[in-house]
Amino acid sequence: MTAWTLRAFDVLDSTNEEVRREAEAGAAEGLAVLARRQTAGRGRRGRAWVSPEGNLFLSVLLRPKATPAEAARLSFLTAVALAEAVELADPALRSKITCKWPNDVLLDGAKLAGILLESRTAQVAPGSAGGGLDWVIVGIGVNLAHFPPDTPYAATALAAHGVTAAPEDFAGWLLARLGYWYGRWQGEGFAPVREAWLGRAQGIGQAVVVRLPDGDLQGRFVALDETGALLLELPDGSRQAITAGDVFPAA
Ligand code: BT5
């Protein structure tokens with residue numbers, strides 16, 4: 001299990017940005033940064049993350065011995081840890097918590113939390129084999145107290161379900177579960193993480209729309225493959241592995 005070094009701030013631009021600065025300066029694996037609020041919280045692909053005080057903003061620094069493709073699967077591991085942390089906040093929420101491909105945790109079908117993975121590949125001498133990872137930052141935002149009302153995918157917060165959790169407490173539960181799953185991933189690979197994620201997957205077997213940069217794909221979400229790709233069964237019966245995109249329930 002990873003030993004975490006937690007640093008807490010009142011305000012930061014982004015906890016991912018703070019950890020990136022520390023990583024570039026040589027910080028060791030296990031640094032965890034918590035902020036009460038963020039002024040430039042970010043999501044994937046340049047999107048913004050609404051970051052008011054009362055919610056959780058946490059980023060951790062990892063330096064796994066893994067390829068970039070393997071490290072991309074850390075989002076599933078984080079989602080499972082997050083789901084378990086929510087259960088520690090209130091065990092009664094167990095049946096309402098699901099993991100949505102690739103990086104969200106839903107409560108009663110609405111987005112409770114988001115995960116942002118950022119990484120840097122080590123520089124390699126020209127002509128040598130591809131570089132390993134220098135660092136991976138796992139950034140986690142959880143709507144404990146507040147959620148934005150006007151997002152394309154409906155959002156929610158723990159407080160909206162009558163559950164009160166302080167960011168410091170939630171960070172403790174989350175880091176404990178994250179350390180556990182990171183240890184298992186390092187020892188056993190992706191298989192146990194995949195199984196735990198599938199046990200909580202949102203929309204398996206259902207009709208979905210996958211929004212890709214060049215258009216939408218309709219199909220049935222049939223599985224998560226061994227690499228973390230979403231397997232989509234198309235109307236003609238063929239299967240396509242989706243490695244990046246946003247998933248919505250089919251209308
Ligand atoms: C994510 O992006 O879901 C990843 C969010 C990661 C945020 C954490 S907070 C700590 C760390 N520091 C950072 O700067 N970031 C990480 P994505 O799947 O791209 O979702 C972003 C979209 O979700 C936005 O475009 C909005 O539509 C919506 N959104 C924004 N804020 C939200 C919120 N608080 N709750 C639910 N949805 C939100």
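As the structure is a prediction and not an experimental result, all values here were calculated from the model. Reckoned from all heavy atoms, side chains included, excluding hydrogens, waters and symmetry mates. Atoms within each ligand, like the ligands themselves, are counted from 1 in listed order.
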- Query: Going by an N to O cut-off under 4.0 Å, is there a salt bridge joining R220 and E233?
  - Reply: yes
Ligand 1: which protein N/O atoms lie under 3.5 Å from its N/O atoms?
| residue | atom | partner | partner atom | Å |
| --- | --- | --- | --- | --- |
| ligand 1 | 2 (O) | R44 | N | 3.2 |
| ligand 1 | 3 (O) | K111 | NZ | 2.7 |
| ligand 1 | 12 (N) | T15 | OG1 | 3.1 |
| ligand 1 | 12 (N) | Q38 | OE1 | 2.9 |
| ligand 1 | 14 (O) | S14 | OG | 2.8 |
| ligand 1 | 14 (O) | R42 | N | 2.8 |
| ligand 1 | 15 (N) | R42 | O | 2.8 |
| ligand 1 | 18 (O) | R44 | NE | 3.1 |
| ligand 1 | 18 (O) | R44 | NH2 | 3.2 |
| ligand 1 | 18 (O) | K111 | NZ | 3.3 |
| ligand 1 | 19 (O) | R44 | N | 2.9 |
| ligand 1 | 19 (O) | R47 | NE | 2.8 |
| ligand 1 | 19 (O) | R47 | NH2 | 3.0 |
| ligand 1 | 20 (O) | K111 | NZ | 3.1 |
| ligand 1 | 31 (N) | V50 | N | 2.9 |
| ligand 1 | 34 (N) | V50 | O | 3.2 |
| ligand 1 | 34 (N) | N143 | OD1 | 3.0 |
| ligand 1 | 35 (N) | N143 | ND2 | 2.8 |

- Are any of the side-chain nitrogens in E24 or R21 under 4.0 Å away from the carboxylate oxygens of its partner? no
- Message: With side-chain hydrogen bond (donor to acceptor under 3.5 Å, both in side chains) as the criterion, how do E70 and W185 come out once you've worked through the C-alpha distance, each side chain's angles and the decisive distance to 0.1 Å?
- Response: CA-CA 10 Å; E70 286 163 348; W185 179 72; over 6 Å; no
- Query: Is any side-chain N of the basic residue among R200 and E87 closer than 4.0 Å to the acidic one's carboxylate O?
  - Reply: yes
- Task: Inspect the contact between R47 and D246 and indicate whether a charged nitrogen and a carboxylate oxygen are less than 4.0 angstrom apart.
- Result: yes
- The complete set of salt bridge (charged side-chain N to carboxylate O under 4.0 Å, His left out) pairs with one or both residues in residues 179-195, sequence neighbours excluded, reads R184-E188
